[in-house]
There are 2 protein chains.
Amino acid sequence: MINSITVKDVKLKLGVLCKSKRQSYDMSQEDLGEAIGLSRYTIQKFENGKNATLDTVLKIANHFDLLKPLKKGIDKIIEDENNISLY
Amino acid sequence: MINSITVKDVKLKLGVLCKSKRQSYDMSQEDLGEAIGLSRYTIQKFENGKNATLDTVLKIANHFDLLKPLKKGIDKIIEDENNISLY
DNA sequence: TATATTTGTGTATTATAATAAACAAAATAT
DNA sequence: ATATTTTGTTTATTATAATACACAAATATA
């Protein structure tokens with residue numbers, strides 16, 4: 001597969017999503033950082049695809065109400081794993 | 001909402017998912033760490049809900065072929081954001 | 001255009017995730 | 001039951017994410 005998705009791709013995509021969500025809330029990087037107790041620089045780096053901690057990512061996701069969708073995604077993967085042997 | 005999902009909940013759930021996936025592949029924590037260039041201790045901590053880096057999480061996800069589903073989830077969120085104004 | 005705001009980038013410092021090694025406790029296998 | 005493997009936990013060290021500045025570049029606003 002020459003067109004497989006990479007870790008780097010996902011990090012970049014997460015950054016873009018953060019930026020998009022943030023702008024839809026009319027917040028600056030400063031605003032977002034302040035709202036969730038992170039520095040603007042941490043937001044800045046994350047939005048540009050740099051590495052971050054899970055806490056940082058989940059705090060951001062939480063602020064944009066994405067924790068429940070994420071949980072559902074995880075649950076779906078767990079379900080898939082349990083049901084694969086039934087076919 | 002007294003029953004809202006927390007950052008900690010998601011970290012725990014991700015750890016459980018990692019353990020479940022790993023066991024379905026018949027791998028020890030050592031095996032998994034070795035396979036993706038991480039120490040056993042890093043796997044150990046992640047599976048028990050401790051904080052980790054995005055790189056660590058995505059390397060694990062990648063090893064279990066969860067990067068594409070994750071990408072799709074992100075894309076769905078982006079789509080939802082773009083379409084919300086149409087209703 | 002000028003002003004204000006936001007974003008990108010740099011440097012130094014601090015906090016903490018990741019590593020490595022060892023050992024005990026649990027779980028599995030023989 | 002014993003041996004083997006796996007997991008949980010500790011300590012010390014290293015790598016790096018996060019912070020706090022400052023300042024220039026880019027965007028948006030008046």
Side-chain angles (χ1 to χ4, degrees), chain A residues 5-64 66-67 70-71 74 77-78 81-82 85, chain B residues 5-64 66-67 70-71 74 77-78 81-82 85:
Chain A
I5 187 165
T6 68
V7 166
K8 190 177 180 182
D9 291 335
V10 175
K11 281 194 292 186
L12 285 167
K13 193 172 268 287
L14 285 173
V16 170
L17 173 58
C18 176
K19 182 173 185 173
S20 163
K21 271 289 175 185
R22 174 176 62 77
Q23 289 176 333
S24 81
Y25 280 64
D26 255 307
M27 302 177 88
S28 66
Q29 295 174 344
E30 177 81 39
D31 292 335
L32 177 56
E34 198 171 304
I36 58 183
L38 294 175
S39 73
R40 178 175 76 84
Y41 192 49
T42 299
I43 307 293
Q44 162 74 12
K45 274 166 40 193
F46 176 61
E47 286 192 353
N48 285 54
K50 305 299 181 190
N51 198 11
T53 62
L54 194 49
D55 266 329
T56 290
V57 180
L58 295 181
K59 277 182 189 173
I60 293 172
N62 184 45
H63 189 267
F64 295 134
L66 297 176
L67 237 45
L70 177 55
K71 178 193 171 301
I74 297 171
I77 291 169
I78 294 175
E81 175 138 36
N82 294 336
S85 56
Chain B
I5 186 164
T6 67
V7 167
K8 190 177 179 183
D9 290 335
V10 175
K11 282 195 292 184
L12 284 168
K13 193 173 268 285
L14 285 173
V16 170
L17 173 59
C18 176
K19 182 173 184 174
S20 162
K21 271 289 176 187
R22 174 176 61 77
Q23 289 176 331
S24 81
Y25 280 63
D26 253 308
M27 301 176 87
S28 66
Q29 294 174 345
E30 176 81 39
D31 292 335
L32 177 56
E34 199 172 303
I36 59 185
L38 294 174
S39 74
R40 179 175 76 84
Y41 190 48
T42 299
I43 307 295
Q44 161 73 13
K45 273 166 39 194
F46 176 61
E47 286 192 354
N48 286 61
K50 306 299 181 190
N51 199 11
T53 62
L54 193 50
D55 265 331
T56 290
V57 180
L58 295 182
K59 277 182 189 173
I60 294 172
N62 184 45
H63 188 267
F64 296 133
L66 297 175
L67 238 45
L70 177 55
K71 178 192 172 300
I74 297 171
I77 291 169
I78 294 174
E81 173 138 35
N82 293 336
S85 56

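Chain identifiers are assigned alphabetically (A, B, ...) following the order of the sequence lines, protein sequences preceding nucleic acid strands; residue numbering begins at 1 within each chain.
- One finds the CD1 atom of I5(B) at 9.5 Å from the CG atom of N62(A) (value rounded to the nearest 0.5 Å).
- Straight-line distance from the NZ atom of K45(A) to the P atom of dG10(C): 13 Å, rounded to whole Å.
- Residue T42(A) has no polar side-chain atom (N or O) positioned under 4.0 Å from OP1 or OP2 of dA17(D).
- Atom OG1 of residue T42(A) and atom CD of residue Q29(A) lie 11.0 Å apart, to the nearest 0.5 angstrom.
- Going from atom CG of D26(B) over to atom C1' of dT28(C) covers 12 Å, rounded to whole Å.
- For the pair K11(A) and D55(B), the minimum side-chain heavy-atom distance is below 4.5 Å.
- In this structure, N51(B) atom CG and dT16(D) atom P are separated by 17 Å, rounded to whole Å.
- Note on G37(A): only backbone sugar-phosphate atoms sit closer than 4.0 angstrom, heavy atoms only; bases stay farther off.
- The side chain of T56(A) contributes no N or O atom lying less than 4.0 Å from OP1 or OP2 of dA17(D).
- Side chains of F64(A) and L17(A) form no contact here, defined as non-hydrogen atoms less than 4.5 Å apart.
- Each of T6(A), V7(A), L12(A), L14(A) was evaluated against V10(A); a single residue qualifies, L14(A), per the side-chain contact (heavy atoms from CB on, under 4.5 Å) test.
- Computed from coordinates, the L38(A) CG to dA15(C) P distance equals 16 Å when rounded to whole Å.
- Atom CD of E34(B) and atom P of dT6(D) are 11 Å apart (whole Å).
- Note that OG1 of T53(B) and NZ of K59(B) are 7.5 Å apart. Values are rounded to the nearest 0.5 Å.
- Distance K50(B) NZ to dT16(C) P: 13 Å, rounded to the nearest Å.
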ask   = Along nucleotides 4-9 of chain C, 5' to 3', which nucleotides get a B, which get an S, and which get a -, given that the test is a protein heavy-atom distance under 4.0 Å?
value = --SBBB
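- The interatomic distance linking I60(A) (CD1) with dA18(D) (C1') rounds to 12 Å, in whole Å.
- Here CD of E30(A) is found 6.5 Å from CZ of R40(A). Values are rounded to the nearest 0.5 Å.
- When rounded to the nearest whole Å, the span between CG of L54(B) and P of dT16(C) equals 19 Å.
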